[in-house]
There are 2 protein chains.
Amino acid sequence: MPDTRRSGAETRERILAVAREHFARQGYDRTTIRAIAAEAQIDPSMVMRYFGNKEELFKVAASIDLALPDLTTAAPGEAGRVMAAHFVRTWDAEGTLMALLRRAASDPQAAEQMRGIFASQVAAAVAPLCHDPTEAPRRAALVATQLLGVALGRYVLRLPPIVEMTPDEIVTWVAPTIDRYLTADPAHLPQK
Amino acid sequence: MPDTRRSGAETRERILAVAREHFARQGYDRTTIRAIAAEAQIDPSMVMRYFGNKEELFKVAASIDLALPDLTTAAPGEAGRVMAAHFVRTWDAEGTLMALLRRAASDPQAAEQMRGIFASQVAAAVAPLCHDPTEAPRRAALVATQLLGVALGRYVLRLPPIVEMTPDEIVTWVAPTIDRYLTADPAHLPQK
DNA sequence: CGGCTAGGTCAACAAGTGTTGGCCAACTGA
DNA sequence: TCAGTTGGCCAACACTTGTTGACCTAGCCG
């Protein structure tokens, strides 16, 4: 009750940090405002003060900038490796992307948010590599399936073999796949 | 109030069918017993009568037999295609696997159930192809990342390019990836 | 000093959830 | 015929959740 007064913007950040962690670990539905407030050592109503409602809090907490590297500077055949390495490093560091992925599994709006991220950011990074620009969305999406699949296995499902792999091992296995999705000639139909 | 009497086992199946659909479409948390009961045109308490509790209902609804094909009979280089085709066909037909995937995103117990499925069924199907049997779990898990990644993109996130692809197109793109995970020589480290 | 503002608490509301137990009515079979 | 079983409904309980509004109080600024 000593009304430990903090700087305001500071508590806002603290709420956000706790929220990110909770969303990433448990998903949207199972994360409660009360739990966030408790861990941030404030009253639940403070969360509402700062963010309006749970929905809005999530939106702010889950805003993501993938900060993708410029693939055009990568050596030919190395683009896949660069991309894979970037992703593994990114989501190993912080769980924001995982929070969004978790929620997207049961909430159409979060799925839409994710679609936006991949449609814009990933497709944009991929586009310069394609001779035919209309191919970019499809290639970006294929890349996404593999990268998100790994994320799913490693952080959500926690498949033991995937969890045990080092980041380097993951990159080594996955890079050729990404690279093929990025650069394979459309005349690949005889896929044998 | 006419107490429209059905056969009992029949309603049980009806509950199960509705439950499967709801779980697959909305995930565990957002699926309510009341909603299932309403759509099955019974009282919520009937669901409890038949299945004990929501948890148990989900377990029964999400029990899965992948019915994987025998990969040893596939021609060399065709195993990936066979596997990919089987999966796409399976989950295109019914959403049980998607229900489990959705829930696994926010519930550790469902994730464990999924781990079990892939650790046993997929690893078992993959094992005969490996010269070194201890490699099987890892290869199975790698296969899982790609297949589940596609499922995620197509049915959960609904990434437009993935949704628009025909099953055949998906198989064509993904088969070589699966095949490499299944059969690539461990001396693949110079992955360039 | 004195008022206003901003950080913070408290208690409650309204809605929705899983779950329970009691009761009813139609069949079934002895 | 009549008791028992079985499919079914109803109403409520206990709990959790997001959300709200009234109130408090330490400071800063005039």
Side-chain angles (χ1 to χ4, degrees), chain A residues 1-23 25-62 99 102-103 105-110, chain B residues 1-23 25-62 99 102-103 105-110:
Chain A
M1 25 201 102
D3 193 356
T4 325
R5 198 154 295 233
R6 295 118 174 164
S7 91
E10 172 193 343
T11 47
R12 203 191 125 102
E13 280 313 306
R14 200 150 32 89
I15 293 174
L16 216 46
V18 175
R20 281 211 177 90
E21 199 227 335
H22 276 236
F23 283 139
R25 194 152 35 85
Q26 312 172 312
Y28 183 84
D29 285 314
R30 295 179 124 77
T31 295
T32 103
I33 299 264
R34 281 173 159 87
I36 295 176
E39 194 171 324
Q41 293 176 323
I42 19 153
D43 192 88
S45 61
M46 282 280 93
V47 179
M48 312 305 292
R49 254 229 211 303
Y50 283 120
F51 297 93
N53 57 26
K54 190 182 178 182
E55 187 73 26
E56 216 59 37
L57 169 62
F58 182 84
K59 264 191 205 153
V60 177
R102 279 210 152 84
R103 184 171 188 206
S106 63
D107 179 75
Q109 214 170 325
Chain B
M1 27 210 112
D3 193 357
T4 326
R5 195 154 298 229
R6 296 115 170 168
S7 91
E10 173 192 342
T11 46
R12 203 192 125 101
E13 279 314 307
R14 200 151 32 89
I15 293 174
L16 217 44
V18 175
R20 282 211 176 90
E21 199 227 335
H22 276 236
F23 283 138
R25 193 151 38 84
Q26 311 171 312
Y28 184 85
D29 285 313
R30 298 180 121 78
T31 295
T32 99
I33 299 265
R34 282 173 158 88
I36 294 176
E39 193 172 323
Q41 293 175 323
I42 22 155
D43 192 88
S45 62
M46 283 280 93
V47 180
M48 312 304 292
R49 255 228 210 303
Y50 283 120
F51 296 93
N53 57 27
K54 190 182 178 183
E55 186 72 27
E56 217 59 37
L57 170 61
F58 182 84
K59 265 191 205 153
V60 177
R102 279 209 151 85
R103 185 173 185 203
S106 62
D107 179 75
Q109 215 169 325

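So that the names make sense, note that chain A is the first sequence line, chain B the second, and so on, each numbered from 1. Below, each value reflects all heavy atoms present in this structure, side chains not excepted, and no hydrogens, waters or symmetry copies.
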Original post:
If you fit an axis to the five pairs at each end of the helix from C/dC1-D/dG30 to C/dA30-D/dT1, how big is the angle between those two axes, to 10 degrees?
Top reply: 10°
Under 3.5 Å, which N/O atoms of the protein pair with N/O atoms of nucleotides 16-22 of chain C?
residue	atom	partner	partner atom	Å
C/dG18	OP1	B/I33	N	3.4
C/dG18	OP1	B/K54	NZ	3.2
C/dG18	OP2	B/I33	N	3.3
C/dG18	N7	B/R34	NH1	2.7
C/dG18	O6	B/R34	NH2	3.3
C/dT19	OP2	B/K54	N	2.9

**OP:** Would you mind reading off the distance between A/F58 atom CZ and D/dG18 atom P, rounded to a whole angstrom?
**Re:** 14 Å
Subject >> Polar side-chain atom of B/R14 near backbone of B/A40 as donor-acceptor pair, under 3.5 Å >> reply: yes
Original post:
Are the charged groups of B/E55 and B/K59 less than 4.0 angstrom apart, N to O?
Top reply: no
Subject >> Which atom of A/A110 lies closest to which atom of A/R103, heavy atoms considered >> reply: CB-CG, 3.7 Å
**OP:** State whether the side chain of B/R102 and the backbone N or O of A/S106 hold a donor-acceptor pair below 3.5 Å, judged by distance alone.
**Re:** no
Subject >> Validation row: A/L57, A/Y50 side chains within 4.5 angstrom (heavy atoms) >> reply: no
Original post:
Any sub-3.5 Å donor-acceptor pair from A/K54's side-chain atoms to A/Y28's backbone N or O?
Top reply: yes
**OP:** Write down the distance between CD (A/E10) and P (C/dG7), rounded to a whole number of angstrom.
**Re:** 11 Å
Subject >> Under 3.5 Å: donor-acceptor pair, side chain of B/T31, backbone of B/H22 >> reply: yes
Original post:
Taking A/D43 for the side chain and A/M46 for the main chain, is one N or O donor matched with an acceptor at less than 3.5 Å?
Top reply: no
Original post:
Rounded to the Å, how far apart are A/M46 CE and C/dG7 C1'?
Top reply: 6 Å
